[in-house]
Amino acid sequence: MRRALAGIALAVTSMVALSFLIPLALLVREQARDRVTTAAEQRASALSPVLALTTRRADVQQAVAELGSADQLVVRLPDGGFVGTPHAPRDALDRAVRGRETLAVDTEDGWVYLQPVVLRGDRVAVVEAFVPAADLTRGVAASWGVMALLALGLVGGSVLVADRLGARVVRSSRSLKRASLALGSGDLDVRVEPDGPPELQEAGAAFNTMADRVVDLLAVERELVADLSHRLRTPLTALYLEADRMGATPSARRVTEAAGQLESELDSIIAAARTPLASAHLAGAGAGAAKPCDVAEVVAMRLDFWSVLAAQQGRPYERSLTPRPAPVAFPEDDLAAVVDALIGNVFRHTPEGIAFAVRVERADRHVFLTVDDAGPGVADPEAALTRGVSVGGSTGLGLDIVARAARAADGELTITRAPLGGARVRVSFVLAGAGGAGGR
């Protein structure tokens, strides 16, 4: 932008300077010529009265010497003789004598002025005033040099002023850009000092207002999440009481274990929601330093948990886990949440007794987690991947959680038709150490 403003200032001031300098330079040259030619004409006119009184050579020479222009004044006497060396062309001199007319002639050596003087007896004398070519342009070059320096100063000053203005605008724009990038990366304390033109100052003030509003909204959101999580403790307490009433039975033990895990998750949510950097954590900014976990091991652990409910509902299931290590740079708790979301969708959206299959496969750079079911499938996979949109009467967050986890691990989520007849949900993760962000 600075270059553009400087270029515009250079072009505009150059055109303005040239539009004035060219006519002014011509005018200076004409004025210099007029000054010396007028002086020559005056000298010639001053000699005419002398010729009217006497044409003696000695008197004329004395008059020319008194005028101080012996080298530039020449007199052709009526008898054809000359006082001084003539510079006028022969034809011009003859014309002045015969036609008795005043002439001004440009020659290679300079400028010649011929003024005839009619004497008694119809005699004609001619006064010649000569101006050398160097005198015609004396001082013109210096005047042009001064004007050129003034023009350069004008152009340079305008470019400098435009550059300073552009630098101010660019500095304000870059400051606003850096603040925007910092805010987007999770620095909620960044603010800008409004500077530059009024429009950029207003933009800076608007940015600060927006940043303050974002902080307020995030604070409100954190408190809402914490309050909601805290409200879930009431039904959680009821589960504990119900498990106590059931006694020391396997079912009661499983309910107690599930309730304990749920309580641990609620504590984590409340602590994260009330942390000032929770927004960056929720955006996945803190996952880059997560300890790698093995996808097959996590899937096996969560399948053991869901196998109890699958047996109660009469759901046959198949597991196929790669025997090769499948580490991913992704938090184990988050990966378990992904597995629970995928298997939980099968239990929530298909009737009891419907079969499902879970597979973990390893490729050269990726690990693939696939969950198939024999249910009705997903009619609109694109809508199912839209946050807040449900295709089965739920909140619509399950697949969105999976999709965000896949993106955080440089993978992707796809929904197709499974060989069992229902939906196939496949998630890919980049292997730890295989390149990419790997859990940003």
Student: How close do Ala92 and Leu103 get, heavy atom to heavy atom, and via which atoms?
Tutor: O-CD1, 3.4 Å
Student: Should Leu342 and Val427 be marked as a side chain to side chain contact (heavy atoms under 4.5 Å, CB included) after you check the CA-CA gap, both sets of side-chain angles, and the distance that decides it?
Tutor: CA-CA 10 Å; Leu342 293 177; Val427 188; 4.0 Å; yes
Student: State, without any angle test, whether Glu193 and Ser175 hold a side-chain donor-acceptor pair at a distance under 3.5 Å.
Tutor: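 Per modelled atom types, Glu193 and Ser175 side chains form no pair under 3.5 Å.
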Student: Do Glu318 and Arg359 meet the salt-bridge criterion of a basic N to acidic O distance under 4.0 Å?
Tutor: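 So Arg359 pairs with Glu318 through a salt bridge.
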Student: For the CG atom of Leu93 and the CG atom of Asp91, what is their distance to the nearest 0.5 Å?
Tutor: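 Leu93 atom CG to Asp91 atom CG measures 9.0 Å (nearest 0.5 Å).
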Student: Applying side chain to side chain contact (heavy atoms under 4.5 Å, CB included), run through Leu431 and His366 and close with a yes or a no.
Tutor: CA-CA 5 Å; Leu431 282 169; His366 293 81; 5.9 Å; no
Student: In the structure I gave you, are the side-chain heavy atoms of Pro89 and Val105 within less than 4.5 Å of one another anywhere?
Tutor: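 Yes; the side chains approach each other to less than 4.5 Å.
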Student: Against the six-membered ring of Phe207, is Arg191 placed for a cation-pi contact (under 6.0 Å from the centre, within 45° of the normal)?
Tutor: no
Student: Could Glu101 and Arg95 be called an ion pair, given the rule that one side-chain N must be under 4.0 Å from one carboxylate O?
Tutor: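 Looking at Glu101 and Arg95, the cut-off is met.
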Student: Looking at Asp195, is its backbone amide N or carbonyl O close enough to the side chain of Ser172 to form a donor-acceptor pair, meaning the two atoms are under 3.5 Å apart?
Tutor: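 Yes: the side chain of Ser172 pairs with the backbone of Asp195.
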Student: So, do Val36 and Leu136 sit near enough that their side-chain heavy atoms are less than 4.5 Å apart?
Tutor: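 Yes, at least one pair of side-chain atoms sits under 4.5 Å.
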Student: What's the separation between atom CZ in Phe429 and atom SG in Cys293, rounded to the nearest 0.5 Å?
Tutor: 8.5 Å
Student: Going through the distances and angles, do Arg407 and Glu412 end up as a side chain to side chain contact (heavy atoms under 4.5 Å, CB included)?
Tutor: CA-CA 6 Å; Arg407 289 193 298 267; Glu412 61 179 354; over 6 Å; no
Student: What's the verdict on side chain to side chain contact (heavy atoms under 4.5 Å, CB included) for Arg319 and Asp304, showing C-alpha distance, side-chain angles and the deciding distance?
Tutor: CA-CA 11 Å; Arg319 71 166 72 188; Asp304 292 340; 3.2 Å; yes
Student: Report yes if some heavy atom in the side chain of Trp306 is under 4.5 Å from a heavy atom in the side chain of Val339; otherwise report no.
Tutor: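 Counting from C-beta outward, Trp306 and Val339 never come under 4.5 Å.
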Student: Let me confirm one number: the CG-CG distance from Leu154 to Leu21, rounded to the nearest 0.5 Å.
Tutor: 8.5 Å
Student: Do any N or O atoms from the side chain of His87 and from the backbone of Thr85 form a donor-acceptor pair under 3.5 angstrom?
Tutor: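 Pair found, side chain donor or acceptor close to backbone of Thr85.
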Student: Roughly how far, to the nearest 0.5 Å, is the CH2 atom of Trp144 from the CG atom of Leu149?
Tutor: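 Between Leu149 CG and Trp144 CH2, I get 14.5 Å after rounding to 0.5 Å.
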Student: Enumerate the side-chain hydrogen bond (donor to acceptor under 3.5 Å, both in side chains) contacts for residues 6-33, please, sequence neighbours excluded, ordered by first and then second residue.
Tutor: Thr13-Ser158, Arg33-Asp106
Student: Can you confirm whether Arg43 sits close enough to Leu73 that some side-chain heavy atom of one is under 4.5 Å from a side-chain heavy atom of the other?
Tutor: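 They are in side-chain contact.
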Student: Under 3.5 Å, side chain of Arg315 to main-chain N/O of Pro351, donor-acceptor pair present?
Tutor: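 Here the side-chain-to-backbone pair exists.
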Student: Are Phe347 and Phe356 an aromatic pair by the rule of ring centers under 6.0 Å?
Tutor: yes
Student: Going through the checks in order, is the side-chain hydrogen bond (donor to acceptor under 3.5 Å, both in side chains) test met by Trp111 and Asp135?
Tutor: CA-CA 10 Å; Trp111 179 81; Asp135 291 348; over 6 Å; no
Student: If only atom types and distance count, is the side chain of Arg417 paired as donor or acceptor with the main-chain N or O of Gly421 below 3.5 Å?
Tutor: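 Such a contact is found between Arg417 side chain and Gly421 backbone.
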Student: Considering non-hydrogen atoms only, spot the tightest contact between Ala151 and Ala17 and give its length.
Tutor: CB-CB, 4.2 Å
Student: If you define the side chain from C-beta out and look only at heavy atoms, does anything of Leu217 sit under 4.5 Å from Val214?
Tutor: no
Student: With rounding to the nearest 0.5 angstrom, report the CG to OG1 distance, Leu420 to Thr350.
Tutor: 11.0 Å
Student: Within a strict 4.5 Å, meaning less than it, do heavy atoms of the Asp109 and Pro132 side chains meet?
Tutor: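 A side-chain contact is absent here, since even the closest heavy-atom pair is not under 4.5 Å.
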Student: Taking the side chain as every heavy atom from C-beta outward, state whether Leu303 and Ile343 have any atom pair closer than 4.5 Å.
Tutor: yes
Student: Show every donor-acceptor pair shorter than 3.5 Å between a side-chain atom in residues 320-333 and any protein atom, with sequence neighbours excluded, or say none if there are none.
Tutor:
| residue | atom | partner | partner atom | Å |
| --- | --- | --- | --- | --- |
| Thr322 | OG1 | Arg324 | N | 3.2 |

Student: Yes or no on salt bridge (charged side-chain N to carboxylate O under 4.0 Å, His left out) for Arg302 and Glu297, after CA distance, side-chain angles and deciding distance?
Tutor: CA-CA 9 Å; Arg302 299 315 301 162; Glu297 294 178 359; over 6 Å; no
Student: With heavy-atom distances below 4.5 Å as the criterion, would you say the side chains of Thr416 and Arg426 are in contact?
Tutor: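 Thr416 does not reach Arg426 side chain to side chain.
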Student: Checking Thr107 side chain against Gly110 main chain: does a donor-acceptor pair fall under 3.5 Å?
Tutor: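 Yes.
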Student: Please round to the nearest 0.5 Å and tell me the distance separating atom CZ of Arg178 and atom CG of Leu183.
Tutor: 15.0 Å
Student: Would you confirm whether Glu361, through its side chain, and Leu369, through its main-chain N or O, come within 3.5 Å as a donor-acceptor pair?
Tutor: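 No, because the side chain of Glu361 does not come within donor-acceptor range (under 3.5 Å) of the backbone of Leu369.
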Student: Quick one: does Asp373's side chain have a donor or acceptor within less than 3.5 Å of a partner on Ile354's backbone?
Tutor: no
